[in-house]
Amino acid sequence: QVQLVESGGGLAQAGGSLRLSCAVSGVIFGRYAMGWFRQAPGKGHEIVAAISRSGANTYYANSVTGRATISRDNAKDTVYLQMNSLKFEDTADYYCAASLVTWDVVITSGADYDYWGQGTHITVSS
């Protein structure tokens, strides 16, 4: 059974930081590209960041570039999203996702992901 379990969400003040974690089980983690997506109230699903199998390649949405860092620990089967300088508009449900890939590439389309977590919520207060 494949499981992606996010943690680390919560309430933060604008300008603060949070670190999200996503623990993956039931798959060979190193074969999967990983991504973080979010959905804000009343808005659609959007990619936040993505990372390749090895961690060598990363992608960031314009809205978080310079404020977010995605990383992974293949020994711990876990992917992380460090969010700094939080803004009110970062308030959303955050989801991690896994995409089985052949090459060491980032995957930016949600449709290309095979497994999703249940999500963790971030609320940023102004």
Any side-chain heavy-atom pair of [X] and [Y] under 4.5 Å:
| X | Y | value |
| --- | --- | --- |
| Cys96 | Leu4 | yes |
| Gln39 | Glu46 | no |
| Leu20 | Thr120 | yes |

| task | May I ask you to check whether over 12 heavy atoms, not counting those of Glu89, lie within 6.0 Å of atom CD? | result |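 Yes.
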
Quick check: is [Y] connected to [X] through a chain of hydrophobic side chains (ILVMFWY, heavy atoms under 4.5 Å apart)?
| X | Y | result |
| --- | --- | --- |
| Val79 | Leu18 | yes |
| Ile51 | Phe37 | no |
| Val105 | Tyr59 | yes |
| Leu86 | Val48 | yes |
| Phe29 | Val5 | no |

| task | Identify which one of Thr108, Val106, Ile107 satisfies the side chain to side chain contact (heavy atoms under 4.5 Å, CB included) criterion when paired with Ser99. | result | Ile107

| message | If we check side chain to side chain contact (heavy atoms under 4.5 Å, CB included) with Tyr94, which of these qualifies: Glu6, Met83, His121? | response |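 Per the side chain to side chain contact (heavy atoms under 4.5 Å, CB included) rule, the option paired with Tyr94 is Met83, out of Glu6, Met83, His121.
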
[X] and [Y]: which non-hydrogen atoms are nearest, and at how many Å?
| X | Y | result |
| --- | --- | --- |
| Gln82 | Ser17 | NE2-CB, 3.8 Å |
| Ala50 | Tyr113 | CB-OH, 3.9 Å |
| Trp103 | Val101 | O-CG2, 3.3 Å |
| Trp36 | Ser21 | CH2-O, 3.6 Å |
| Val64 | Arg38 | CG1-NH1, 4.0 Å |
| Ala98 | Tyr32 | CB-CD2, 3.7 Å |

| task | Could you tell me how the ring of His45 sits relative to the ring of Tyr95: parallel (under 30°), tilted (30 to 60°) or perpendicular (over 60°)? | result | tilted

| Any donor and acceptor pair, going by atom type alone, linking the side chain of Asp104 with main-chain N or O of Arg53 inside 3.5 Å? | yes

| message | When you measure from the side chain of Asp114 to the backbone of Leu100, do you find a donor-acceptor pair of N or O atoms at a distance under 3.5 Å? | response | yes

| field | Spacing of Thr123 atom OG1 and Asp90 atom CG [to the nearest 0.5 Å] | value |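 Separation between the atoms: 11.0 Å.
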
| query | What's the spacing between Thr91 OG1 and Leu11 CG if we round to 0.5 Å? | reply | 8.5 Å

| task | Flag this pair as yes if the NZ/CZ of Arg67 is under 6.0 angstrom from the six-membered ring centre of Tyr60 and inside a 45 degree cone about the axis; otherwise no. | result | no

